[in-house]
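First comes the structure, then the notes that go with it.
Counting from 1, the numbers follow the sequence of the chain as shown. Values below: every heavy atom of this structure, side chains too, minus hydrogens, waters and symmetry copies.
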Amino acid sequence: MFPSGALPQQMFLAVVATGICAAGAAGLASMPRASIMFALALVLPIVGPFLNEGTTMHYAMAVMAVMFVAFFIFFARTAHAGYRDAGHTRAANAGLSEDLEVMRNDLLDAIESISEGFAFFDEDDCLRYYNEEYLAIFGPLRDKITPGMSFTDIIHSSSAPLLCEGRTMDEEEWREWRLRHHRDGAGDFQQQHASGRWKLTTDWRTRQGGYVTVLVDITDLKQREAELAAARDEAETANRAKSEFLALMSHELRTPLNAVLGFSDILKDETYGPHDDSRYLEYAHHIHDSGSHLLQIINEILDLSTIEAGKYQIFDEDINLSMSFDDVRRMMGGLA
């Protein structure tokens with residue numbers, strides 16, 4: 001019990017005790033029950049005498065001491081929770097940064113390992129990532145290409161290709177066309193460089209406003225295309241020569257064959273009188289039939305040439321099957 005009239009001393013002791021409680025509550029903030037019990041053990045011996053005095057001032061002092069300790073307990077708990085959350089956040093951020101760095105390194109390794117040229121430009125059109133295949137396109141000028149360099153500077157430091165989309169361009173026209181194609185993300189185009197190599201270049205925009213350029217070496221493909229085109233031209237030339245040869249040979253064969261058919265007609269029709277031997281008439285029929293068959297084969301050969309030229313026309317007509325079978329039996333009977 002504090003002596004009567006010792007209010008300043010009591011206030012001083014209350015402040016000291018409250019400070020000790022606050023320090024203890026802050027130190028035990030991670031253990032709620034321990035911090036509350038610690039505060040009660042220190043505050044009750046002070047609050048009790050205040051309440052026993054029975055004066056309004058003492059009651060006010062008791063209430064203030066309790067509120068002060070409660071405030072510091074709350075403040076200590078809040079500060080501890082904030083510190084703990086900040087620690088967890090720092091740990092999570094550190095882990096995330098490490099994961100992002102690992103992913104970034106893996107991505108750069110993957111970009112470097114691909115056989116195509118790759119370059120990424122940020123939203124300001126400045127070079128950020130690229131691989132050796134991308135630099136190879138610039139030849140002796142590759143050392144001038146550095147990270148952070150704008151695409152405009154890159155194009156101005158390079159020379160125009162021999163061919164772009166099948167045509168030649170001067171330096172100024174090429175730069176204007178290339179910048180427009182790049183910034184529009186206009187897709188694919190082919191170009192042949194001074195080294196003779198062909199590149200298929202693809203430009204497109206990213207969702208974040210950046211730019212991506214990929215270059216694929218298609219020299220082997222262009223060579224195969226040229227070889228196929230040469231082979232196709234050679235085949236077409238050979239086909240035309242064959243058709244011309246068939247037409248010429250058919251004409252040369254038809255001339256004597258017409259004479260054979262004409263004379264055989266005279267013999268089988270006995271135009272100049274009957275034959276002394278009936279076998280002559282039979283042989284004349286055979287000659288005429290064989291000549292007609294040979295003329296049909298020649299016509300069919302000419303029809304093949306007409307079909308290849310796309311000019312053949314088909315007409316429906318009636319045929320006599322018995323005559324066709326008789327022709328086959330007569331021609332193939334001896335072989336059978």
Side-chain angles (χ1 to χ4, degrees), residues 82 85-222 225:
D85 293 342
H88 291 166
T89 302
R90 285 194 297 271
N93 289 339
L96 181 60
S97 298
E98 183 177 353
D99 292 341
L100 290 176
E101 184 64 21
V102 171
M103 293 176 61
R104 177 180 177 275
N105 292 333
D106 289 342
L107 178 61
L108 292 178
D109 291 341
I111 292 174
E112 191 60 43
S113 64
I114 61 177
S115 59
E116 293 80 14
F118 178 89
F120 171 75
F121 298 83
D122 60 18
E123 59 274 10
D124 295 326
D125 211 6
C126 294
L127 181 63
R128 291 302 176 209
Y129 306 111
Y130 57 91
N131 60 3
E132 287 295 322
E133 289 297 326
Y134 178 76
L135 294 179
I137 191 177
F138 299 99
L141 301 175
R142 58 181 298 162
D143 294 336
K144 295 183 178 180
I145 309 302
T146 57
M149 192 174 184
S150 69
F151 186 80
T152 302
D153 292 338
I154 292 176
I155 291 302
H156 280 81
S157 65
S158 61
S159 56
L162 296 178
L163 288 175
C164 178
E165 288 295 275
R167 64 190 183 94
T168 58
M169 301 181 185
D170 58 34
E171 295 290 339
E172 190 62 29
E173 181 185 8
W174 153 252
R175 289 166 182 167
E176 292 179 359
W177 184 91
R178 185 67 187 93
L179 285 172
R180 184 172 61 255
H181 192 278
H182 168 78
R183 290 171 178 169
D184 292 343
D188 302 334
F189 69 93
Q190 297 181 7
Q191 53 182 326
Q192 185 184 26
H193 298 279
S195 61
R197 308 295 295 179
W198 283 87
K199 294 287 184 180
L200 175 66
T201 304
T202 304
D203 294 321
W204 72 82
R205 297 289 303 271
T206 68
R207 286 177 291 183
Q208 301 299 323
Y211 308 84
V212 173
T213 298
V214 176
L215 300 99
V216 181
D217 192 317
I218 58 171
T219 304
D220 294 340
L221 178 61
K222 299 296 288 187
E225 289 180 353

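Side-chain contact between Thr213 and His182: present, with at least one pair of heavy atoms (C-beta onward) separated by less than 4.5 Å. Between Leu215 and Ile137 there is a side-chain heavy-atom pair separated by less than 4.5 Å. Inter-residue side-chain proximity for Phe118 and Val212 is flagged as met; some heavy-atom pair is nearer than 4.5 Å. Considering only heavy atoms from C-beta on, Phe138 stays 4.5 Å or farther from Lys144 through its side chain. Residues Met169 and Trp177 are in side-chain contact: their nearest non-hydrogen atoms beyond the backbone lie under 4.5 Å apart. Taking the side chain as every heavy atom from C-beta outward, Tyr211 and Asp125 approach each other to under 4.5 Å. Residues Asp203 and Phe189 meet the side-chain proximity criterion, which asks for heavy atoms closer than 4.5 Å. Contact check for Gln192 versus Arg197: no side-chain heavy atoms found under the 4.5 Å cut-off.
Taking OG1 from Thr146 and CG from Leu127, the interatomic distance works out to 7.5 Å, rounded to the nearest 0.5 Å. To the nearest 0.5 Å, atoms CG (Asp188) and OG1 (Thr201) are separated by 8.5 Å. With rounding to the nearest 0.5 angstrom, the CD1 atom of Ile155 is 5.5 Å from the CZ atom of Arg178. Considering CD of Glu176 and CG of Asp170, their distance stands at 8.5 Å, rounded to 0.5 Å. Between Asn131 atom CG and Tyr129 atom OH the span is 14.0 Å, to the nearest 0.5 Å. Taking CG of Leu135 as the reference point, atom CD of Glu133 lies at 9.5 Å (rounded to 0.5 Å).
Enclosure of atom CD in Glu98 is not indicated, since only 12 or fewer non-hydrogen atoms of other residues, nucleotides or ligands lie within 6.0 angstrom.
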What's the verdict on salt bridge (Lys or Arg N to Asp or Glu O under 4.0 Å) for Glu173 and Arg167, showing C-alpha distance, side-chain angles and the deciding distance? CA-CA 12 Å; Glu173 181 185 8; Arg167 64 190 183 94; 3.0 Å; yes

The test is salt bridge (Lys or Arg N to Asp or Glu O under 4.0 Å); show your working for Asp217 and Lys222 and say whether it passes. CA-CA 10 Å; Asp217 192 317; Lys222 299 296 288 187; over 6 Å; no

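Under the 3.5 Å distance criterion, the side-chain polar atoms of Asp122 are matched with a main-chain donor or acceptor of Asp124. Of the possible polar contacts, one joining the Glu112 side chain to the Glu132 backbone as a donor-acceptor pair under 3.5 Å is found. A donor-acceptor distance shorter than 3.5 angstrom exists from the side chain of Asn93 to the backbone of Thr89, with no hydrogens or angles considered.
Taking each heavy atom of Pro161 and Gln191 in turn, the nearest pair found is CG-OE1, 3.7 Å.
A donor-acceptor contact closer than 3.5 angstrom links the side chains of Thr152 and Arg183.
Ring centroid separation for the pair Phe151 and Phe121 comes in under the 6.0 Å cut-off.
One finds no salt bridge joining Lys199 and Glu116 here, because no Lys/Arg side-chain nitrogen approaches an Asp/Glu carboxylate oxygen to under 4.0 Å. The residues Asp85 and Arg90 are annotated as not salt-bridged, no charged nitrogen and carboxylate oxygen being separated by less than 4.0 angstrom.
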